[in-house]
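Quick notes on the structure that follows.
Below, chains carry the letters A, B, ... as their sequence lines are ordered, and counting in each starts from 1.
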Amino acid sequence: MKKLSPQHYARALKVALEEAGEAEREHTLDRFLNILSEDMMLPRADEIIVALERLYDIEEGKVHAHVASATVLSEEEKQMISVYVKEKTDARMVVLEEQEDASLIGGATVRYENRLIDGSIKRTLEKLSTALKTR
Amino acid sequence: MPTTETKDIIVNELKQRIAGFSRDISDTSVGTVIAIGDGIVTVSGLPEARMSEMISLGEGKDVAYGVVMNLEEGQIGAIILGEYQNITEGDVVKATGRILEVPVGEAMIGRVVSPLGTPLDGKGAIPSDIFYPVEKVAPGVITRKSVSVPMQTGIKAIDAMVPVGRGQRELIIGDRQTGKTAIAIDTIINQKGKHMKCVYVAIGQKESKVAGIVAKLEEHGAMEYTTVVLAGASDPASLSYIAPYAGTAIAEYFLDKGEDVLVIYDDLSKHAVAYREISLLLRRPPGREAYPGDVFYLHSRLLERACRLNEECGGGSITALPIIETQSGDVSAYIPTNVISITDGQIYLETDLFHQGVRPAVNAGLSVSRVGSAAQTKIMKKVAGKMRIEAAQYRELAAFAQFGSDVDDETAKRLERGKRISEVFKQSQYSPIADEKQVFIFYALLNGFVDDVPVEKVHSFEEGLYAYADTSGADTLAELHKKGTFDGELEEKLKALIGDYRATLDYLETSSESKKGKKEEKT
């Protein structure tokens, strides 16, 4: 039999949880853990959780955007980023994950889904250095 | 010392360039490294990546480049070209939108380069702004022409028995230490002044061996028209894998200019091994001898790029001399049979012959050229046409004659002739012989002028003949070179010249000379 991936387990669990009634949910989870242990998939539980979260995100139309900036962003700026990502992805909700990164020197980068918006001074300087090197 | 004036110019130019530099915000498609190792990277995301596209891994100074090999649901597999120590899990991966290219052009001549076109010989950067894709579809039927112009190797045994034409693919096959590379190098050396460019692709070779080869080529002035593409034994399999394609791309630049190019792949066994390594690491299912299912296509798409184009398409050619190393003479292994079936013939080298002192150790029976006499000059065709059959028959007869000493006259004569033929085919390394001189010795051989020369003297007879032709027969040589065909007059000149030369030798009886003359008249 082909080995199942964490994604397969996550999908199965999601369906099982939805089909089970409110009262049975805990029981379903217990049985799922038993199956994981039987299949020796417990060490990969982390990956299953990530996959499950992703499945729910897709269902709820939630998009995670990772924002790295040199300085702390204002609420207004965050709002603008959220709106931009929302427009681009047709998401119903955008979750911003912020991070400060001094190495960017200035500006910010936004990473969502499979895209990267780079408006940092670091990249501009890198681009300038290659432009000066090559004619 | 730059004067203030030139300084101003530099500053102004920089200012202009900075002014023209726009500070924009980029929005690119990216992926994430999820696993990296053994020269293979698995990337999640990057949905827009295409097959064979180049991807960049990491950022800033530590950036490495890869080539997409596998497209799967949600992830891609790629090979990494070069160093990747600083790339870690979670690093950003970007698609470049370009397929792998190498710089090409006249500047590549005389250089030793890596499969990515970076110089390895310490002679500075290679100024080239023309790039050719590493993988390219071979020229189609409409653009091609059949092989008709010879590509002289300068090796008597090959030029006589298995002639190679410009645009042909001739395999050099044999065990280790049988002189495969020696044939390739001699062939490159012999291309001097023949309007040929050469590309020597070393795949997984020891760098010391390649250094030796380059030194030899330089010594013979052959680096003036040769490019060496080196993927060393210590380089990752990905570089060995792309090396022959990169070498062909360099050759295709000259092909497009209508020139003739010779490409040597040394050797494709190691190339197949490198590809097997990549395939297994990419988890492609293994087949026979653990090679992946598309290992035939690996070599067929490479060798199909060797061609002879017709006049409308420039009339250039790429001649390919792939090399395959066999294990204890086993030509029926997987890779050798594949490459034998792809190429237009093979030169089979044998360990036994090599140890008997027959060098180059060409096996006359098993070596063939499917283009054959179409790739010989008319004159060569005439004097050397039957040479392969005679040499092959001699081998069989010699093996047979060992059992009994009593053989009939006809057989004895054949044996004697055969001994001399195989003696003439012996040739030392780095000493290619010009076509017209080969005609001299083959003519002498076929018309019985060597039959009474003792076998151990054949070599000195040959040397003497060349020297004599150089001094007394210079005009005949020139005529042979110019005409390329045989007519009665030329044949008489040749005959007279060889006769005169024989008269100068003290170990030949002059009486046999007159006898010989009579015999010739009768026939």
Between CG on residue A:D118 and CD on residue B:E59, distance to nearest 0.5 Å | 7.0 Å

OG-CG distance between B:S26 and A:L116, expressed to the nearest 0.5 angstrom | 6.0 Å

Is there side-chain contact between A:R111 and B:T32, with at least one heavy-atom pair below 4.5 Å?
-> yes

Main-chain N/O of B:D27 paired with A:R115 side-chain donor or acceptor, under 3.5 Å | yes

Can you establish whether the number of heavy atoms outside [X] located under 6.0 Å from its atom [atom1] is more than 12?
{"X": "B:E72", "atom1": "CD", "result": "yes"}
{"X": "B:R284", "atom1": "CZ", "result": "yes"}
{"X": "A:R25", "atom1": "CZ", "result": "yes"}
{"X": "A:E18", "atom1": "CD", "result": "yes"}
{"X": "A:H66", "atom1": "NE2", "result": "yes"}

Provide the closest heavy-atom pair for A:N114 versus B:G45 in the form atom of the first, atom of the second, distance.
-> OD1-CA, 3.1 Å

